[in-house]
Engineer: 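Quick one: the structure is below, questions incoming.
Along the sequence shown, residues carry numbers from 1. Counting starts at 1 for both ligands and their atoms, following the listed order.
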Amino acid sequence: MYNSKSKIAEEFINHDEILKTIEYAKQNKDNAELIDSILKKASKFEGLDHTEVAVLLESEDKETIAKIHETAAKIKEHIYGNRIVMFAPLYLSNYCINECRYCGYHHSNKEMTRKKLTQEEIKKEVIALQDMGHKRLALELGEDPENSSLEYLLESIKTIYSVKHKNGEIRRVNVNIAAASVEDYLKLKEAGIGTYILFQETYNKDTYGYMHPKGPKHNYAYHTEAMDRAMEAGLDDVGIGVLLGLHDDYHYDAVGMMLHVKHLEDTFGVGPHTMSFPRIRAASDVEMSQYTGITDEKFYNLVAIFRLAVPYTGIIISTRETMESRADLLKLGVSQLSGGSCTGVGGYDEMAKLEKANTSQFDVEDHRTLDEITLDLAKNGYIPSFCTACYREGRTGDRFMALAKVGQIGNVCQPNALLTLQEYLMDYASPETKEIGEKVIRDQAQKIPNPEMKQKTAQWLERIKNGERDFRV
Ligand code: SF4
Ligand code: SF4
């Protein structure tokens, strides 16, 4: 039976509830009055529940879809302005004991060159990432207690935070590791991580079982209940996601994801910090013909509907998407982008790049450098932000949400975005990016509404130009 506050996976992600919701949505897909009331609710930044999301997803009416996109753009503008937070993934190890059918790292893949970075190699990767201008990383590693143990991860986090090259430093390390125990999450908390990320892949238990035939990840309940254990350990910034294309009906996963959000909100008082919707991509030793894709049109609609549903949760799009798709998705609600990404182990360091073997988890579609992405964003009126302030100021979990839900977060995001962009321009940008970026900063600094904050930001921007770093609100 469905119970959003239950601790049992199959009760808070309830199969019958999902099917019932989809059925109701199908019956109401042309219910203009209902759709209108849902859109009105969304435009007041009140978010939507799983039934309302399902109803919007069913709509095929062009006018309704246009209204959904319009509302998403309005919410995006109101809450996130034109700021886009930048990050990069860092792959530490591709050893994995699981057999996920869709992932190039699956244990039995003999084509994969296995690699685990040493602490010295991690330092080189971090220097390469710092030299690109990154301040925020998402660590990725396969599940393997022997080759990628928690101790190894903790040591690596320490190494990453310790590297200070020229003006560079990594200020926020987000971590994407397999479902773990409360004790292990406590250790991650102590290590000072930003967001703990774990994708559900699919909420459908049967598909989940089929896609994860062997290894610890096969355990649906342990995986689905992972965020509860993370929250219990005090990791209150969590990132969830589904891999679109695994389950043949993406509506199922969309409703499942909304039930997960509700469960976290009802149980811990705080929903996910970020959401991701990667679409499945070709990978080494993966038979792609078994997966149903999702068209660009449907995918964009899904992202827009989630912008309506969870206005205060960041939406992340990785380099799995093409440059063109990412540009469209930014308008519909995406607030974080990875840039200059390498999805192999040891790919950032120049020497390693030359010797690069097959170590990638999946194929990348957007191959632009971080500078090229920064330039394109700035040219299109966005503020590329390298901000990491909230976690460092203790604004996580409900403290973050309290600020976000009363519309106050923008007051800190805007100055922080400008300050970190100024650092990027001084230390890493090409002359063209610097020129356009400076113009963006000049224009946007004028628009900071609070006079005190405006003045403070102007002073800090000058001090950054004179060589000081790391001002934050
Ligand atoms: Fe391992 Fe994760 Fe790939 Fe599964 S998805 S094979 S757990 S790295
Ligand atoms: Fe993110 Fe906080 Fe920085 Fe805003 S101020 S961009 S919410 S870290």
Engineer: Looking at atom 7 (S) of ligand 2, what's its closest protein heavy atom, distance included?
Structural biologist: Phe400 CE1, 3.4 Å

Engineer: Inspect the surroundings of NZ in Lys454 and state if more than 12 heavy atoms from other residues, nucleotides or ligands are less than 6.0 Å away.
Structural biologist: yes

Engineer: Please write down residue, atom name and distance for the protein heavy atom closest to atom 3 (Fe) of ligand 2.
Structural biologist: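 That would be Cys387 SG, 2.2 Å.
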
Engineer: Under 4.0 Å from any heavy atom of Val85, which atoms of ligand 2 are there?
Structural biologist: 6 (S)

Engineer: Kindly confirm whether atom 1 (Fe) of ligand 1 is within less than 2.8 Å of some N/O/S atom in His107?
Structural biologist: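 Of the N, O and S atoms in His107, none lies under 2.8 Å from atom 1 (Fe) of ligand 1, which means no.
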
Engineer: Looking only at protein heavy atoms, identify the closest one to atom 8 (S) of ligand 2 and say how far it is in Å.
Structural biologist: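 Ranked first by proximity to atom 8 (S) of ligand 2 is Cys390 N, 3.4 Å.
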
Engineer: Answer yes or no: is there an ion pair linking Asp443 with Lys447, defined by an N-O contact shorter than 4.0 Å?
Structural biologist: no

Engineer: Could you tell me whether the side chains of Arg172 and Thr195 share a donor-acceptor contact shorter than 3.5 Å?
Structural biologist: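 Short answer, yes.
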
Engineer: Got the closest protein heavy atom to atom 5 (S) of ligand 2, with its distance?
Structural biologist: Asn416 ND2, 3.4 Å

Engineer: So which protein heavy atom does atom 4 (Fe) of ligand 2 come closest to, and at what separation?
Structural biologist: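 Checked against all protein heavy atoms, atom 4 (Fe) of ligand 2 sits closest to Cys413 SG, 2.3 Å.
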
Engineer: Salt bridge or not between Lys214 and Glu99? Use side-chain N to carboxylate O under 4.0 Å.
Structural biologist: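 A salt bridge is absent here (no side-chain N lies under 4.0 Å from a carboxylate O).
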
Engineer: Assess Ala389 for proximity to ligand 2: is some non-hydrogen atom of it under 4.0 Å away?
Structural biologist: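 Ala389: in contact with ligand 2 (<4.0 Å).
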
Engineer: Mind telling me whether Phe306 and Phe277 have parallel, tilted or perpendicular rings, with 30° and 60° as the class edges?
Structural biologist: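 Rings of Phe277 and Phe306: tilted, as their planes differ by 30° to 60°.
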
Engineer: What class does the angle between the rings of Tyr102 and His212 fall in, given that below 30° is parallel, 30 to 60° is tilted and above 60° is perpendicular?
Structural biologist: perpendicular

Engineer: Is the distance between the ring centroids of His223 and Tyr203 less than 6.0 Å?
Structural biologist: no

Engineer: Can you tell me which portion of Val473 lies within the under-4.0 Å heavy-atom range of ligand 2? Options are side chain, backbone, both, or neither.
Structural biologist: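 Contact part for Val473 vs ligand 2: neither.
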
Engineer: For Cys96, take its heavy atoms, then give the atoms of ligand 1 lying under 4.0 Å from any of them.
Structural biologist: 1 (Fe), 6 (S), 7 (S), 8 (S)

Engineer: Check for me whether Arg136 has a heavy atom closer than 4.0 Å to any atom of ligand 2.
Structural biologist: yes

Engineer: Mark up the atoms of ligand 1 that fall under 4.0 Å of a heavy atom belonging to His106, in ascending order.
Structural biologist: 6 (S)

Engineer: With a 4.0 Å cut-off on N to O distance, would you call Arg395 and Glu393 a salt bridge?
Structural biologist: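 Salt bridge absent between Arg395 and Glu393.
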
